[in-house]
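Let me begin by presenting the structure, written as structure tokens, before commenting on it.
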There are 2 protein chains.
Amino acid sequence: MRIAAPQAPAEPLRGITLAVVGVGLIGGSVAAALRQQGVAARVLGVESNPETLRQARALGLIDAAASVQEAAAQANVIVLAVPVGAMIEVLRAIGTSLRPQTLVTDVGSTKTDVVKAAEQALGERAAQFVPGHPIAGSEASGPQAAHAALFDQRTVVLTPMAQNPMALRQRVVHLWQAMGAHVVQMSPEAHDAVLASVSHLPHLLAAAYMAQVAASPDADLRLDLAGSSFRDVTRVAASSPRMWRDIFLANRQAVLAELHGLKALLTQAETLLEQGDGAALQAFLETAASARRLWGETHG
Amino acid sequence: MRIAAPQAPAEPLRGITLAVVGVGLIGGSVAAALRQQGVAARVLGVESNPETLRQARALGLIDAAASVQEAAAQANVIVLAVPVGAMIEVLRAIGTSLRPQTLVTDVGSTKTDVVKAAEQALGERAAQFVPGHPIAGSEASGPQAAHAALFDQRTVVLTPMAQNPMALRQRVVHLWQAMGAHVVQMSPEAHDAVLASVSHLPHLLAAAYMAQVAASPDADLRLDLAGSSFRDVTRVAASSPRMWRDIFLANRQAVLAELHGLKALLTQAETLLEQGDGAALQAFLETAASARRLWGETHG
């Protein structure tokens with residue numbers, strides 16, 4: 001993980017035309033944040049869902065609706081904020097209309113597949129595409145949940161491609177810094193392995209556990225007596241099923257590896273319980289509690 | 001689950017001497033809440049940890065330290081707030097000194113074992129013991145985390161014993177209602193089965209997942225990129241290892257049954273991922289998302 005050093009941008013990041021493809025929570029928040037910071041003077045929204053588009057316009061997140069081709073022809077910066085499963089299609093649509101000076105980036109939760117899709121769809125123009133992923137979000141979705149402060153103090157991972165010119169990488173760094181984010185850089189593979197562990201697995205876990213409780217014969221009673229531990233552990237189970245289906249499929253090897261590791265630990269806990277081994281069980285819990293408390297002190 | 005109907009208490013719940021055995025988060029909060037409501041005029045604290053006792057006194061949660069025997073001889077109401085593994089020992093110590101008019105209740109997270117311990121330790125006087133469990137808590141522990149509002153709008157489960165006189169059950173109901181809680185009643189077995197699902201399993205899950213991340217070779221990088229999904233899913237992994245060891249052991253059959261069920265669902269998710277079955281994976285996630293959203297609307 002390299003921390004990107006601040007550096008003066010080659011071209012002033014003010015008054016640009018921004019195109020956001022997918023104006024949901026993340027896309028809408030990018031639009032709001034870059035407009036608030038004076039970076040974006042005009043925001044075009046590309047959105048296939050008419051109701052989402054209407055809301056984004058009503059909320060003032062975007063100035064006008066546009067097709068992918070119009071966005072590619074007019075924008076200085078294009079941010080792709082569609083589910084990762086839809087990325088290849090959008091990149092293909094952009095490819096034919098992209099101007100040479102336009103910067104393209106994305107906010108997809110997986111990166112190996114997005115890099116591959118960009119190379120396939122954009123060919124030589126893939127040099128203009130700098131892949132990224134803001135570690136920010138919410139179980140809420142849609143433009144109504146979008147806000148300009150979503151990325152403030154959050155980390156954004158960039159996974160630049162070998163062909164990206166340094167100046168272009170720096171522009172993306174500055175874009176995210178303007179939104180209040182910290183930027184780190186790593187390989188797409190490293191990103192996907194880490195995120196499988198600290199983001200994708202907890203989402204899968206929360207969904208499986210929530211499905212278990214909901215499917216129980218006395219689900220109503222259980223849900224009535226569920227308290228704060230249940231609330232926190234299951235919160236992300238409310239996240240968009242379509243978006244997460246795409247993420248799990250796009251990163252399935254890494255997610256499967258983490259799931260395998262977790263099942264082994266659950267089996268270990270199961271054995272300790274079956275044996276009634278209080279000392280070992282407490283040691284197991286101590287490891288987790290110490291690590292979580294330390295993380296809480298430094299990452300809140 | 002029966003909702004206890006409000007009913008005038010046989011003896012006014014004002015100005016009593018309260019003894020709290022274990023003055024940590026829950027015991028300290030009971031003391032603070034009953035004092036604030038004017039129910040407790042004097043609070044005795046029984047606590048084996050000298051530092052905890054000092055803090056509870058410094059914070060004004062208790063008026064004086066007492067032995068279990070002194071508490072049993074002086075208090076109108078005794079609330080047992082020690083880890084469930086320590087309950088039998090405390091009940092035995094109380095048994096020999098308990099006055100016939102004294103009410104004893106507890107806040108233990110498991111109930112079948114506590115009922116059994118009370119019957120063993122108190123004999124005929126078990127009629128004076130009304131077991132209970134407030135569904136409230138925090139990953140924080142100790143008297144410094146205690147506060148009078150901890151039980152406000154929370155649910156308290158009572159699992160009365162056949163020999164408890166109705167008037168005594170009602171006194172416990174009124175005690176909790178005075179602290180702002182909703183009271184429900186059920187059998188100890190039903191309580192333990194439900195709580196294994198909605199409280200004990202999420203704690204075990206959070207601990208196992210946290211232990212997995214902490215033990216990974218690149219733990220520092222993972223923890224640096226962990227965001228809000230990680231934070232929420234792991235929050236309860238910071239809970240007291242000793243307390244949770246006791247809970248898991250006390251309720252291990254029910255916890256093992258839930259763990260078994262969860263592992264089956266994780267294996268199902270694993271199979272869907274391995275097969276790359278997007279439609280089934282999305283359906284799996286939809287079930288969880290719908291249930292969690294519905295719960296969030298009604299239970300916040």
If you round to the nearest 0.5 Å, how far is [atom2] of [Y] from [atom1] of [X]?
X: B/M243; Y: A/L285; atom1: CE; atom2: CG; value: 11.0 Å
X: B/S240; Y: A/Q282; atom1: OG; atom2: CD; value: 7.5 Å
X: A/Q275; Y: B/L249; atom1: CD; atom2: CG; value: 11.5 Å
X: A/F248; Y: B/F284; atom1: CZ; atom2: CZ; value: 9.0 Å

- Query: Which residues pass the salt bridge (charged side-chain N to carboxylate O under 4.0 Å, His left out) test with A/D232, sequence neighbours left out?
  - Reply: B/R235

- Would you sort out whether B/H191 and A/L225 count as a side chain to side chain contact (heavy atoms under 4.5 Å, CB included), showing the intermediate values? CA-CA 9 Å; B/H191 169 278; A/L225 294 183; 5.7 Å; no

- Message: Looking only at heavy atoms and a cut-off of under 4.5 Å, which of B/L195, B/I135, B/T234 has the most pairs with chain A?
- Response: B/T234

- Note on the structure: Looking only at B/D277, B/L256, B/L259, most heavy-atom pairs under 4.5 Å shared with chain A are made by B/L256

- Nearest non-hydrogen partners of A/G278 and B/R245, listed with the distance: O-CD, 3.2 Å

- Heavy atoms only: give me the nearest A/S229-B/V236 pair and the separation to one decimal. CB-CG1, 3.6 Å

- Message: For the backbone of A/A238 and the side chain of B/R293, can you confirm whether one donor and one acceptor N or O come within less than 3.5 Å of each other?
- Response: yes

- Query: Residue by residue, which of residues 203-213 of chain B have a heavy atom closer than 4.5 Å to a heavy atom belonging to chain A?
  - Reply: B/H203, B/L204, B/L205, B/A207, B/A208, B/Y209, B/M210, B/A211, B/Q212, B/V213

- Message: I need the contact set between residues 151-158 of chain B and chain A: heavy-atom distance under 4.5 Å, sorted by residue number.
- Response: B/T155, B/V157

- Which of residues 260-274 of chain A have a heavy atom under 4.5 Å from any heavy atom of chain B? A/H260, A/G261, A/L262, A/K263, A/L265, A/L266, A/T267, A/A269, A/E270, A/L273, A/E274

- Item | Residues B/R222, A/E258: salt bridge by 4.0 Å N-O rule | yes

- Top residue by heavy-atom pair count (under 4.5 Å) with chain B, among A/L223, A/L281, A/T287, A/V233? A/L223

- Look at A/S216, A/S197, A/A214 and state which one has the largest set of heavy-atom pairs under 4.5 Å with chain B. A/S197

- Query: Checking heavy atoms, do the side chain of A/L201, its backbone, both or neither come under 4.5 Å from chain B?
  - Reply: side chain

- Heavy atoms of other groups near A/E189 CD, more than 12 under 6.0 Å: yes

- Task: State, with a plain yes or no, whether a side-chain heavy atom of B/R231 is found less than 4.5 Å away from one of A/W295.
- Result: yes

